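Per chain, numbering begins at 1; letters A, B, ... match sequence-line order. What's counted below: heavy atoms across the whole structure, side chains too, no hydrogens, waters or symmetry copies. Values in this document were obtained by computation on a predicted structure and should not be read as measured data.
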Amino acid sequence: MHLIESHLQKKIDDCLDELNYPHLSYAFEIPKIETHGDLSTNLAMLLAGPLGKPPRQIAQSLVDKLDLPDKQISRVEIAGPGFINFFFSAKFLHDTVRHILKLNRNFGKNAQGRDQKAQVEFVSANPTGPLTIGHGRQAVLGDTIANFLEWSGYEVIREYYFNNAGRQMRVLGDSVRLRYLELLREKIDFPEDYYQGEYITNIARGMIEKYSDALKGRLPEDLDLFIREAENEIFRDIKQTLKRLGISFDVYFNEKDLYEKGNIDDVIRRFKEKDLAYEKEGALWFRSTAFGLEQDRVILKSSGEPTYRLPDIAYHITKFERGFNLIVDIFGADHIATYPDVLAGVKALGYDESRIKVLIHQFVTLYQGSEKVKMSTRKANFVTLDELMDEVGVDVTRWFFLMRNMDSHLNFDLVLAKTQSDENPVYYNQYAHARICSILRNAEEKGISFTDMNSLNRLENPNEFQLIKKMVEFPAVIERSTREFTPHQLTQYLSELSTVFHKFYTECWVLSTDKELSQARLALCLATKTVLANGFAILGVSAPESM
RNA sequence: GCCCCCGUAGCUCAGUGGAUAGAGCGAUGGCCUCCGGAGCCAUGCGCGCAGGUUCGAUUCCUGCCGGGGGUACCA
């Protein structure tokens with residue numbers, strides 16, 4: 001779409017100059033109704049105000065000067081209140097198939113991020129328990145957004161930020177310690193706000209195997225061993241889960257480094273130097289109201305411990321220091337209140353906070369049939385990401401987390417996902433791919449292969465054209481999904497592509513005695529396979545040859 | 001109270017200020033001599049409410065109603 005749009009845009013811009021019309025930003029869109037053309041612009045209606053003329057008259061004056069039709073546009077018309085509608089030529093559509101086959105694995109890539117470094121931070125769950133469904137949505141979103149950025153030419157770092165110190169971890173260690181004692185038949189009192197999950201007992205069991213009852217005497221003061229053991233175990237688990245989902249991080253960033261390397265002290269010093277912090281009631285406050293926030297915030301508690309804001313600010317400063325042009329943070333809706341403080345802090349110290357793109361995704365609500373499942377790591381009643389993948393598979397897991405706008409709550413009905421897995425959209429899309437592969441196998445058996453570019457001229461059936469027109473959109477869909485951070489638009493698009501392919505398949509017999517037409521349709525299948533596979537690659541789902 | 005997200009078909013959701021608002025699931029009825037029926041075709045069902053901006057609003061603004069999430073010297 002890029003190419004054809006810029007082709008038209010240039011022609012139109014020349015016209016505007018010639019007619020002495022103002023240049024204002026106008027849009028091309030794909031009309032919903034086929035008879036309204038393949039591309040349409042509202043330019044004439046936008047010019048109506050400034051020029052004080054009726055839009056249709058303006059449209060006519062533009063069309064008169066446009067020097068169309070040409071090789072790519074076969075027809076132009078003025079319609080409705082003043083739309084200018086363009087129709088693609090058959091030659092343009094044939095050339096598009098050639099273009100896709102030529103670019104192959106690279107069709108859909110763009111160079112918007114060339115020579116730019118991007119960092120995507122996501123998951124960032126502390127090692128206190130297995131990843132849940134909620135983490136799953138974030139994990140898949142983050143990884144996929146990173147994929148999109150790579151398709152736009154960015155050099156991308158996937159980063160996981162975590163904290164293995166503090167109260168949370170002490171509670172974790174102590175939870176394991178109590179289960180350890182319990183397994184050794186000691187009488188224990190397990191607090192309600194401790195980690196209740198089964199995995200705690202499993203870790204404790206592992207420690208008995210490793211240390212027998214040797215840790216009984218040192219208790220309860222020395223928790224450290226229990227904490228480290230739990231952390232290692234849980235982290236191994238988390239990484240395994242992520243790997244299964246097809247996700248690997250380039251950097252695991254430990255909050256502790258910020259203390260050890262002086263980043264925290266550095267931030268405090270710079271805040272004080274710039275008079276951005278003051279002491280009150282024994283605590284150190286950030287003057288965040290100076291940056292448009294509603295209230296000042298504590299960064300150092302009266303106990304001397306930092307609040308989460310301070311390391312978060314220090315951490316983000318390292319992102320700038322590491323030279324990232326684009327910094328993407330993905331959080332769940334529960335963190336919505338924390339990021340304005342961090343952005344204000346970063347800005348206060350002179351960094352360009354517009355480089356940071358904060359993406360907030362809404363929660364996943366899990367249903368067992370019609371019953372809502374409450375999720376909490378503390379309490380035992382959560383469904384883990386692993387359990388979900390066990391039930392529905394990796395491809396379905398990824399697709400389902402991606403198919404909705406992240407601004408929307410995601411209702412995930414486990415019963416439905418299990419019992420109706422045959423009916424779900426990922427299979428619909430993968431089936432289109434597998435079907436094409438099957439045709440290609442048959443073609444090989446019959447000795448038909450695509451060798452003659454001229455055969456493409458035989459494509460003229462409306463179903464063939466519809467399929468090509470859908471593929472023309474692909475680069476623009478990628479571009480927009482990347483720019484707006486909306487992976488669900490790609491899942492949406494791929495389903496549309498699969499639909500037109502299945503229609504084409506039903507209406508147009510690919511391998512016939514007409515060798516030339518067979519070649520042409522085979523080329524169309526190859527192109528469709530490429531576009532589907534490229535889309536799947538970005539989403540991180542597999543492109544099966546058969547299923 | 002204040003802040004953020006969401007209210008579109010029976011259900012789950014798409015919808016870049018445009019011309020007749022779409023898809024999947026569910027329901028009903030069709031389509032296999034032949035490349036994979038995990039498919040295709042056909043039927044139904046409608047933008048939470050009230051104002052405003054605009055030539056034009058599901059889309060932007062304001063208020064209200066409903067659901068979710070925040071609002072700590074927890075993260």
Side-chain angles (χ1 to χ4, degrees), chain A residues 27-33 35-36 40 42 45-46 48-49 54-55 79-83 85 124-126 128 163 166-168 255 280-285 294-295 297-309 311-312 332-338 340 360-363 365 367 370 403-413 416 420-432 434-443 445-446 448 476 480 483-484 486 488-489 491-493 495-496 498-499 501-512 518 521-522 525 546-547:
Chain A
F28 289 101
E29 61 168 26
I30 300 166
K32 283 176 237 161
I33 297 158
T35 56
H36 290 161
S40 175
N42 60 351
M45 288 178 288
L46 296 174
F83 291 102
N85 297 337
S124 294
N126 290 336
T128 57
N163 173 10
R167 198 187 67 89
Q168 238 187 339
E255 181 183 322
K280 191 179 89 182
E281 296 158 4
L284 189 67
W285 295 70
E294 282 196 10
Q295 46 187 302
R297 299 293 192 176
V298 170
I299 52 175
L300 272 183
K301 304 183 209 170
S302 48
S303 66
E305 274 183 302
T307 63
Y308 65 87
R309 295 180 188 93
D312 274 3
D334 55 337
H335 281 63
I336 197 149
T338 71
I360 307 282
H361 67 88
Q362 297 300 313
F363 283 166
T365 310
Y367 286 84
S370 58
M403 66 194 272
R404 305 290 183 226
N405 189 333
M406 72 174 93
D407 286 339
S408 290
H409 294 246
L410 179 63
N411 287 328
F412 204 122
D413 183 347
L416 206 71
Q420 305 205 333
S421 58
D422 284 11
E423 301 290 334
N424 73 47
V426 59
Y427 292 125
Y428 179 79
N429 283 277
Q430 289 181 321
Y431 182 62
R435 212 174 207 187
I436 292 169
C437 292
S438 172
I439 295 171
L440 297 179
R441 285 190 294 269
N442 285 322
E445 268 177 40
K446 292 185 180 180
I448 301 172
R480 188 173 161 212
R483 178 165 38 86
E484 297 179 356
T486 47
H488 73 280
Q489 285 171 343
T491 64
Q492 202 83 18
Y493 166 81
S495 292
E496 291 166 12
S498 294
T499 297
F501 173 75
H502 286 307
K503 256 176 209 166
F504 157 78
Y505 176 90
T506 306
E507 298 293 328
C508 299
W509 199 257
V510 178
L511 305 173
S512 67
S518 300
R521 287 182 172 168
L522 202 56
C525 288
S546 63
M547 45 197 290

Side-chain-base donor-acceptor pair under 3.5 Å for [X] and [N]:
X: E281(A); N: rC73(B); answer: yes
X: S302(A); N: rC73(B); answer: yes
X: N42(A); N: rA19(B); answer: no

Under the 5.5 Å and 30° test, is [X] stacked on the base of [N]?
X: Y308(A); N: rC74(B); result: no
X: Y431(A); N: rG39(B); result: no
X: H409(A); N: rG68(B); result: no
X: Y505(A); N: rC40(B); result: no

Please answer whether the main-chain N or O of [Y] pairs with a side-chain N or O of [X] as donor and acceptor at a distance below 3.5 Å.
X: N85(A); Y: H36(A); value: yes
X: W285(A); Y: K280(A); value: yes
X: T307(A); Y: V298(A); value: yes

So what does S303(A) touch, heavy atoms closer than 4.0 Å: a base, only the sugar-phosphate, or nothing?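 Nothing: the residue S303(A), judged by heavy atoms under 4.0 Å, touches no strand.
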In whole angstroms, how far is the [atom2] atom of [N] from the [atom1] atom of [X]?
X: H488(A); N: rA23(B); atom1: NE2; atom2: C1'; answer: 13 Å
X: L410(A); N: rG68(B); atom1: CG; atom2: P; answer: 17 Å
X: D407(A); N: rU58(B); atom1: CG; atom2: C1'; answer: 16 Å

Let's test this: given Watson-Crick or G-U wobble pairing with both distances under 3.5 Å, identify the partner of [N].
N: rC34(B); value: none
N: rU43(B); value: rA27(B)
N: rG66(B); value: rC6(B)
N: rG51(B); value: rC61(B)
N: rU20(B); value: none

Between [M] and [N] - [atom1] atom distance, rounded Å:
N: rA42(B); M: rC6(B); atom1: C1'; answer: 34 Å
N: rG46(B); M: rG7(B); atom1: C1'; answer: 13 Å
N: rA57(B); M: rC47(B); atom1: C1'; answer: 11 Å
N: rU59(B); M: rU53(B); atom1: P; answer: 15 Å
N: rU16(B); M: rU12(B); atom1: C1'; answer: 23 Å
N: rU54(B); M: rU43(B); atom1: P; answer: 40 Å
N: rU58(B); M: rA21(B); atom1: C1'; answer: 8 Å
N: rG24(B); M: rU20(B); atom1: P; answer: 23 Å

How about [X] and [Y]: does a side-chain donor come under 3.5 Å of a side-chain acceptor?
X: N429(A); Y: S495(A); answer: yes
X: T499(A); Y: E496(A); answer: no
X: D407(A); Y: Q362(A); answer: no

Chi-based syn or anti call at rC32(B), which uses purine or pyrimidine torsion atoms and a 90° bound: syn
